[in-house]
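Here the structure is laid out as structure tokens; the discussion comes afterwards.
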Amino acid sequence: MLELRIEKHRRHFQLRAELRLPEGGSLAVTGASGAGKSTLLACIAGALPPDRGVIRWRGLALHPPPLPLARRPLGWLAQHERLFPHLNVAGNVCFGLDRRARPAASAWIEELRARLELEPIWHAPAAEVSGGEARRVALARALARRPPLLLLDEPFADQDAARVQAIIAALLDWKRRWGWTLLAADHRLPALAQMTDQVLLLQAGRITAAGGWAQIAPDLAAIQPPGFPR
Amino acid sequence: MNAASSSVPPTPAPGSRRWPARALLARGGLAAFTLLLLYPFIGFFLPAGAWQWNGLVPHSTAAAVEVSLGLTGLAMLLVAAAGTPVAAYLARCRRRERLLWEAPILIAALLPPLALGILFSLAFGPNARLGHWLLRWGLPLSNSAPAFVLTQFYVSIGYYVIAARAALAAVPRELEITAALLGQSPARVFRRVTFPLARLGLAAALSLAWVRALGELGAVLVTAYYPAGMPVQIWINLQDAGMSAVLPLLVIFLLTALPLPWLLQLLAERRHEDSAPA
């Protein structure tokens, strides 16, 4: 179970969020730009410490006290790719794997490479890949260690429609196989709806609606035209 | 569509033939600047008497080169070992705290070398309690190899820390956080992300410290007249035998000491390019 109740002051808003997500569950976090989606995910990841509140995962306190980043059992795809520019794509994807663990994980890495279409750029310097490719490299890197909790911030950014479907299919397969718990933030509601059971709507840092997709469809429809390009 | 795309003129590279006047002006300015920097070297070709390669000069010169390169190398190991963790901390702490810690570092770096030498010889001399204890433990900090190394450490550590801090601070913090979230301990984050990305800047910092320490005369003259390094030996030769005995040592000084920072920089650049694993 992921449980959190946090507050975080940002320059333009104050994030106040409370949620409980059972293990193996999936939750979409949506809202207009600047609503606090990335802040929420960054707080859970540990990149941004909350000002107040608690975050627990499987009974383990992530905050407070802040659990050291290296000991957090999660994978985080940040809003910006943050690829290591001095390494190539392979070096980035395998970065979190110990050298001893790499042979055992080779079949998994091979699967990531194939399903996220990274073969053509596998040996390319990370600094030279395109925006869409960098996104898929960062996604593969976050998944490589098979962490039980996944935080994906805009996983479909810079991807064409066919690739979005390929990523959704792959993530759903892997989620079933590994029992991942998934939080995904994005603007693309149809894509999120295929991948998650629950949805949470953030507006100016506050949760204004939460529940099943059908349950909060009126809330989403009300703000969709200006805020959510499909 | 073809016509439209072919009508767009390609962007000329800076310094290419498209802007000959600007390129010529830039290169002319650089040439003038370079000539200004190299002008003192004309001294090698001006009459200063026959160069004294014989007698006492070769022996003392060889000893001075050995002292300078060996002991400065040792001092640089200490500077890198002590200065890198300090620079890494300063690169990530809050600005107010950084300014506080940087004040004594700047004072050490900006203190006139002769004043530093005098203070050093008083603070570590036999009349001071620490110097007295060290002497009893067989570590004289006056006119000795340890005094030479420690003086060079003092004169160069400030320069190293300031330059290394800038190099380490330029590494995006987000990359370190990402690496840590991929299960890497702080030491491994430094080894696998921070250090490779700051390597060029750290090499430049160490080069700066090396040049600063190797050419140091004022402080070393007071604390470690013996064993004489190259600057002190140049000073002795100038006093004892005049300009004709100094010039050979100057040539050796330039040929042995100064290429090292340049090689260090080249090595760091090459490793930077080759660092991506297959």
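Chain letters run A, B, ... following the sequence lines, proteins first and then strands; every chain starts at 1.
Relative to the six-membered ring of W174(A), R115(A) meets both conditions, a distance below 6.0 Å and an angle of at most 45° to the axis.
With a 4.5 angstrom heavy-atom cutoff, R188(B) touches chain A only via side-chain atoms. Contact of A45(A) with chain B is made through backbone and side chain together, with heavy-atom distances under 4.5 Å. Neither the backbone nor the side chain of R71(A) comes within contact range of chain B; no heavy atom of the residue lies under 4.5 Å from a heavy atom of that chain. Heavy-atom distances place the side chain of R145(A), and not its backbone, under 4.5 Å from chain B. At a 4.5 Å heavy-atom cutoff, N92(A) makes no contact with chain B through either its backbone or its side chain. Proximity to chain B (any heavy atom under 4.5 Å) is shown, for A78(A), by neither the backbone nor the side chain.
Listed by chain and residue number, R113(A) satisfy the salt bridge (Lys or Arg N to Asp or Glu O under 4.0 Å) test with E110(A) (two or more places apart in sequence, or in another chain). Judged as a side chain to side chain contact (heavy atoms under 4.5 Å, CB included), and not counting sequence neighbours, the contacts of A184(A) are L152(A), L192(A), M195(A).
In this structure the side chain of W57(A) reaches within 4.5 angstrom of the side chain of P148(A), judged on heavy atoms.
Note on E23(A) versus R58(A): salt bridge recorded, some NZ/NE/NH1/NH2 to OD/OE distance being below 4.0 Å.
In terms of heavy atoms, I44(A) sits closest to L74(A) at O-CD2, 3.7 Å.
Contact count against chain B (heavy-atom pairs under 4.5 Å) is highest for G96(A) among P68(A), G96(A), G46(A).
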